[in-house]
Number of protein chains: 2
Amino acid sequence: MLKKTERLSLVEQVVIQIEHLIESGHWQIGDHLPAEMQLMKEFDVSRNTLREAIRALVHAGLLETKQGSGTIVKSSSAFGVALHRQVEKSSIMETLEVRLALEREAAQLAAIRRDDVDLEAMTECIQLCKSASEKGDVQEFIQADILFHKAMVKASHNMMLERLYEHITEPLQSSIEEVMVADDYFNYSKEIHYELLEAIKKQDVHAAISYVNQYINDFREKIKRIQED
Amino acid sequence: MLKKTERLSLVEQVVIQIEHLIESGHWQIGDHLPAEMQLMKEFDVSRNTLREAIRALVHAGLLETKQGSGTIVKSSSAFGVALHRQVEKSSIMETLEVRLALEREAAQLAAIRRDDVDLEAMTECIQLCKSASEKGDVQEFIQADILFHKAMVKASHNMMLERLYEHITEPLQSSIEEVMVADDYFNYSKEIHYELLEAIKKQDVHAAISYVNQYINDFREKIKRIQED
DNA sequence: CTAAGTCCAATCATCCTACAACTTTTCAAA
DNA sequence: TTTGAAAAGTTGTAGGATGATTGGACTTAG
């Protein structure tokens, strides 16, 4: 079998270079890119070629151009943008169901695969929850709560699961906050998270799934109640 | 709150039009687009503007251009392409775990929400499985099997779940076939699918989840065994 | 000094023409 | 029929010109 000869067009080469510069953090989110004229010289391509490359990345959601002002970095993950757009097309309930599906799988895998680093990270998040709870700081509590969930997903040692969860949770954040603030989730989740962590620590898969199902169903009920108002 | 004034650039307008023409099926996958010269006239824009629009869609994976030949439609879903790329970056096992997470959630939701149309569709798929099995046609059986799973996911009445499942299953297809052909999955899945359908018909959520877990774990074992060879 | 308005330079948006590189078709010669 | 060269059609790249928008510098009236 012969390898298909593949010449990358100049545009595609420039696109790849810019993507790398963004992914590597050389251009951070919010940064201004150099002007077209300068980029032309740096990449040694014509204006058209450069503009086609930039336009491709603008449409992908990585860049944003504003006439008269310049081009800035908007995001560092094309996949995140694509998922974000899909979430926007869907209802909150639909998205939440997908997120919970991932979370349930993550809990199961985490209970099997978690290592000491994972357990330490999760324990730390729970302590953050606790201290925020004692201070009565709702916002800080919510942030710590989300961090705990992310730590659990990370403990599943499945990068794809982690990325999906991350990019689906992001646009849901405001809805999550709404539910938590409106209800008495504050005290409730404190305990169940601790028990969930214990189950994962003991590698008790069934218990872990059971706890996740508990707060998933509870969360679902709360959403329904709020949406009915 | 004032509405953000939003002037869409000519390029973006052309992009949207082309996207619509593809989504609506006016240009099918594999079709050649008209040449640049003609599209310039039809959209009434300059060559640069048109080319930037096309380039954006090429990078998104909807189109493919070949110098000297033309431009063809490659895919109808930008989200599908993005997901596909993500899957390619991940291992088969990782992807499978995500897919199974979705399938488990789908089974649960389907057991709750399925309507008569869903049940009919699933029954039909099972009969296809059966007839393929009797004929001994492995390929046809696999296709029918996948159709059954998709029908179940559809019965969850969650569009986002359905799309995710669809686009994740697609690039996995060859791996799935490999497992099924290599092992004795042929006879095994015939029975468990029937029982799963019965559980969903009776709206027995626990039984449905249980059956899904059964063949999920079985499938996982088979994959492991094959990968070790 | 402050605040409002004006002007200007920088920047992206669009259009135009020209040529190069590649592919497909056509057609004539072997 | 097969081969190969020519021709026509298509996308790729380059460079220049003008318009539209923005943000900051500057000016001026209070």
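Residue numbering restarts at 1 for every chain, and letters A, B, ... go by the order of the sequence lines.
- N48(A) contributes a side-chain N or O that forms a donor-acceptor pair with the base of dG15(D) under 3.5 Å.
- E52(B) places its CD atom 8 Å from the P atom of dA13(C), with the value rounded to the nearest Å.
- Here S69(A) does not reach the OP1 or OP2 of dT22(D): none of its side-chain N or O atoms lies under 4.0 Å away.
- Inspection of the H193(A) and H149(A) side chains reveals an N or O donor paired with an N or O acceptor under 3.5 Å.
- The phosphate of dA14(D) (OP1 or OP2) has a side-chain N or O of T49(A) nearer than 4.0 angstrom.
- Atoms CZ (R51(A)) and P (dG15(D)) sit 16 Å apart, rounded to a whole Å.
- The nearest whole Å value for the distance from the CG atom in L8(B) to the C1' atom in dT14(C) is 16 Å.
- In this model, no side-chain donor or acceptor of E36(B) finds a partner on the base of dG9(D) within 3.5 Å.
- Separating the CG atom of L50(A) from the P atom of dA14(D) is a distance of 10 Å, rounded to the nearest angstrom.
- Rounded to an integer number of Å, the gap from CE of M40(A) to P of dT11(C) is 13 Å.
- When rounded to the nearest whole Å, the span between CG of L39(A) and C1' of dC12(C) equals 12 Å.
- Atom CZ of F79(B) and atom CE of M160(B) lie 6.0 Å apart (nearest 0.5 Å).
- Per the geometry, CG belonging to L10(A) stands 15 Å off C1' belonging to dC22(C), to the nearest Å.
- Taking 3.5 Å as the limit, the base of dG12(D) and the side chain of R47(B) contain a donor-acceptor pair of atoms between them.
- Residue T71(B) places none of its side-chain N or O atoms closer than 4.0 Å to OP1 or OP2 of dT10(D).
- If you take OG1 on T123(A) and CG on D118(A), they are separated by 10.5 Å, rounding to the nearest 0.5 Å.
- The distance between atom CD of E64(A) and atom P of dT11(C), rounded to the nearest whole Å, is 18 Å.
- No side-chain heavy atom of F43(B) sits less than 4.5 Å from a side-chain heavy atom of T49(B).
- Residue T65(B) places at least one side-chain N or O closer than 4.0 Å to OP1 or OP2 of dG12(D).
- Remark: S46(A) is in phosphate contact with dA14(D), judged by side-chain N or O atoms under 4.0 Å from OP1 or OP2.
- In this structure, K66(B) does not reach the dG12(D) phosphate: none of its side-chain N or O atoms is under 4.0 Å from OP1 or OP2.
- In this structure, Q67(A) and S9(A) both approach DNA chain D, and ranking their closest nucleotides by distance from the 5' end singles out S9(A).
- Taking CG of L10(B) as the start and CG of N48(B) as the end, the distance is 12.0 Å to the nearest 0.5 Å.
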